[in-house]
Amino acid sequence: MSKIFFWLLDINHEVVDGDVEVRMWGKNDGGESVLLVAKSTPYFYVLPRGDDAEAAASKIRALKGEYGELVDVEVSEKKYFGRPVKTVKVSCKTPEGVDRISRILCKAPYVRECLEDDIRPAARYIIDNSLNPSGWYEVEVKNISKHGFQVDRAYEAVEAPTPIGRLHPPDLRVLAFSTICFSERGSPDPDKDPILVVSMSAGDGGTEHYTVDGDGDGGVLERFVSRLRQFDPDIVVGWGQNSFDWDYMLARSKKVGVKLSVDRCGGEPHRSTFGHISITGRANIDLANIADDMPEVKVEGLGGLAEFLGVARKDEVDRFQDVETGRLWKSSDGRRRLIEYSKFRSEVTLKLLNLLIDYAIQMSHLTGLPLDQVAAAAVGFRVDSYLMAQAHRFNELIPKRTEQPYIPYQGAIVMEPKPGIHEDVAVLDFTSMYPNLMIMYNISPDSFIDSSETSAEFFTAPEVGFRFRKDPPGFYKKVLQDLINVRREIRGKLSGAAKDSVEYKVLRERERVVKIVTNACYGYAGWVGARWYVREVAESVAAFGRASLRKVIGIAKDLGLQVIYGDTDSIFVKYEPEKVEELLSIVGREMSMEIKVEKVYSRVLFTEAKKKYAGLLSDGTLDIVGLEVVRGDWSNIAKTVQERILEIILREGSVDKAVEYLRQLIRDLRAGKIPVSELAVWKTLTKPVESYQVKAPHVEVARMMLEDGWRLKPGDKVGFVIVKGPGRLYQKARPVMKVTPDKVDLEYYVGNQVLPAAMRILGVLGVDEGVVSASSGSAGLSEYMGRG
DNA sequence: TATAGGCATACGAGCTTAATTTA
DNA sequence: TAAATTAAGCTCGTATGCCT
């Protein structure tokens, strides 16, 4: 026996000779790949009807003869929504046994409910042993045979791994790949269209590529598999491979008789937990999944992400479309360009992974989801996973996800802004308002008092009247307090770490994910799919939030501060430093909440609309919120014009100049001086084209593009331009790349894009739309100040 | 295998009403 | 002059993407 250090990368289970074997795949501190095997017995809990768990247990025990897979039955003391309960823990030989026995038992008259039967062995092992994937452990092991698995070492775990505080991730071997398939028209069809090129970039440098030859793409796949196995990556990264490449390669490999044995057991990739593709023993990461939860990346595709992170220009990364590949492949020059393109994409993919991996590792470590799953899991399931691990810590039973109707509830307050231009405005924000309210008022499913209960000391939510026991601390309160403490600890360590150290990088990402998970808890609590969903909880948090905002507005007004706007957890006030200081201290004292000066505008413009404003920050940057400039569904020209107008007005204070600029631009537009690409409007296809209820420009254009052989799926953006002609807008919309300048309906762009965007701003300042085309008036900014 | 609600905005669709044309 | 036709105006619903 010996001890090893082990970093947990992936985990799965297998039934071997009728027993469940949990397989942990990872790395040791020497950078070797390690398989760690542990025996495990699946189980679930039975919550008896009434409180006689012993009686229920013996009834279940009596079934042992009838059901061979039932191995152990014992009474177990747990808590369920905070209340102590006696349950029966039923252990079975296999997960299939758990499925079968729990299905039978939940119908038994003495059973109220079966719980935790939906937790699979790998997750079970992680939860029960308080493991955090993507983290370091020390573990006592015995050497075992490698059984042909592709690892450097194989061990049996003598005991459960114990976490050690090491921060540095191990040396992970990363392999990026990119494929190009043949297509002349329509999506490539794996039945007939071969894979033309596969490029692979390895973390230790170098990009290789394999191309189709006279014998088809069998050789490409063979070389792909052999290169992958030879390099033996821990992480396989690509763009969109969960929804395309793997399925395509699997289909092709079947066709040409090549086994895609790329996992560490010699098996093929398979579809797994979150609809993603799993490669046993490795982490298969689809960057498209990671990009999906980066809302700040506005431009779609690998190129959009690359450009956002400053790795490459979008037009370089997304040089060709699927439908072009067939044509290109036919000329030697086109072939050369496609190969170069494929290699470039695989290199970009590798660079992006290196930038994003620390975040993914930390998210995996905190939430308890293995690296490949965490990338694919939606926010709700990440929080779910985190809470399940926490429940185990508190000896709480994990509730089942239940089907229930969705009933909306009232949310936050948004104040009516005072339109016009204001000078010296401070934005004050509550820090972590919702998490703090949940802690302060102990708002949690297990502290929620239903109408029958009266005795306890409780908090009552304003407006909605729901009540929550003051003691003991509820599940959400304990979890959130923990998260906040953890974050504080990380911050302490961060302040002591050297800025260029690995430690600093790791801690910074860890702090970020702790913050993200903390802030996701309120939304999670209001999600019908949540295991810990109680609508009244979310509703009460929102109600306390409204009361808090009202209260702070009242205090501000009492201090003589002019309140200009407010939304959810922020108020905008005329900046008078002493009064603001006073406000902060009163809020701390009387409300036990923290409020901070988030930013100060030297000049800020509000429209009549909520959630739309623009201001000049004290450091001189222009901050634009909610207006067309920051929306992806307006043409570039409209956004450019609006931004320029805001600059002229906020920086230079000249409405006249802004109007003059607008007039000139409209003249240029009408003269055809604006490139067509600047006129395109991009909208997301949110569902398949056939399921739209109404005719809309982007949907009609998507239809045309599909007709032309483009591969368009929900989530893709469609760019269109309005051309001259009769009829509805959707009849005049064309794909942007097919429109020539002479066809453009310029008056649409004047009247429906540029003017609305410009007048949104100028209208507030009293400029009449007619004035824009009439001769110049004369007005300085001073005339428009202090309105409202 | 969907974190929440609040909000603005554009346009289609269907209807009513006003304006215009036609018998 | 009344009926028929067309245009304009209104309301409502759908769709998207933002804010906190």
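Numbered from 1 within each chain, the chains take letters A, B, ... in sequence-line order.
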[N] phosphate, OP1 or OP2: any side-chain N/O from [X] under 4.0 angstrom?
X	N	answer
A/Y406	B/dG5	yes
A/Y565	B/dC7	no
A/K687	C/dA15	yes
A/T568	C/dC19	no
A/H698	C/dT16	yes
A/K611	B/dC7	no
A/T686	C/dA15	no
A/Y692	B/dA13	no

Would you mind checking if [Y] and [X] are paired as a salt bridge, meaning a charged N to carboxylate O distance below 4.0 Å?
X	Y	result
A/D567	A/K611	yes
A/D117	A/K400	yes
A/R703	A/E700	yes
A/E628	A/K639	no
A/E463	A/R550	yes
A/D118	A/R531	yes

Nearest listed nucleotide, side chain of [X], among [options]:
X	options	result
A/E628	C/dT16, B/dG5, B/dT9	B/dT9
A/V694	B/dT3, C/dA15, C/dG17	C/dA15
A/A378	B/dA2, C/dC19, C/dT16	B/dA2
A/P756	B/dA10, B/dG5, C/dG17	B/dA10
A/A609	C/dC18, B/dA13, B/dT9	B/dT9
A/V379	B/dT3, B/dG12, C/dC18	B/dT3
A/K610	B/dA8, B/dA13, B/dC11	B/dA8

Using a heavy-atom cut-off of 4.0 Å across all strands, would you classify [X] as base, sugar-phosphate, or nothing?
X	value
A/Y613	sugar-phosphate
A/Y434	nothing
A/R760	sugar-phosphate
A/V699	nothing
A/Y748	sugar-phosphate
A/A538	nothing
A/V383	nothing

**OP:** Return the residues of residues 543-556 of chain A meeting this criterion: a heavy atom under 4.0 Å from some atom of DNA chain C. Order them by number, or give none.
**Re:** none
Original post:
Could you state the CE-C1' distance from A/M415 to C/dC19, rounded to the nearest angstrom?
Top reply: 16 Å
Subject >> Between P of C/dC18 and CD of A/Q642, the distance in whole Å >> reply: 13 Å
Original post:
Of the residues in residues 518-531 of chain A, which ones touch DNA chain B at a heavy-atom distance under 4.0 Å?
Top reply: A/A520, A/G523, A/Y524, A/G526, A/W527
Subject >> Flag if over 12 foreign heavy atoms under 6.0 Å of NZ, A/K743 >> reply: no
Under 3.5 Å, sequence neighbours excluded: what are the donor-acceptor pairs made by side chains of residues 591-598 of chain A?
unit_1 : atom_1 : unit_2 : atom_2 : d
A/E594 : OE1    : A/T431 : OG1    : 2.7

Original post:
For the base of C/dG17, is there a side-chain donor-acceptor partner from A/R631 under 3.5 Å away?
Top reply: yes
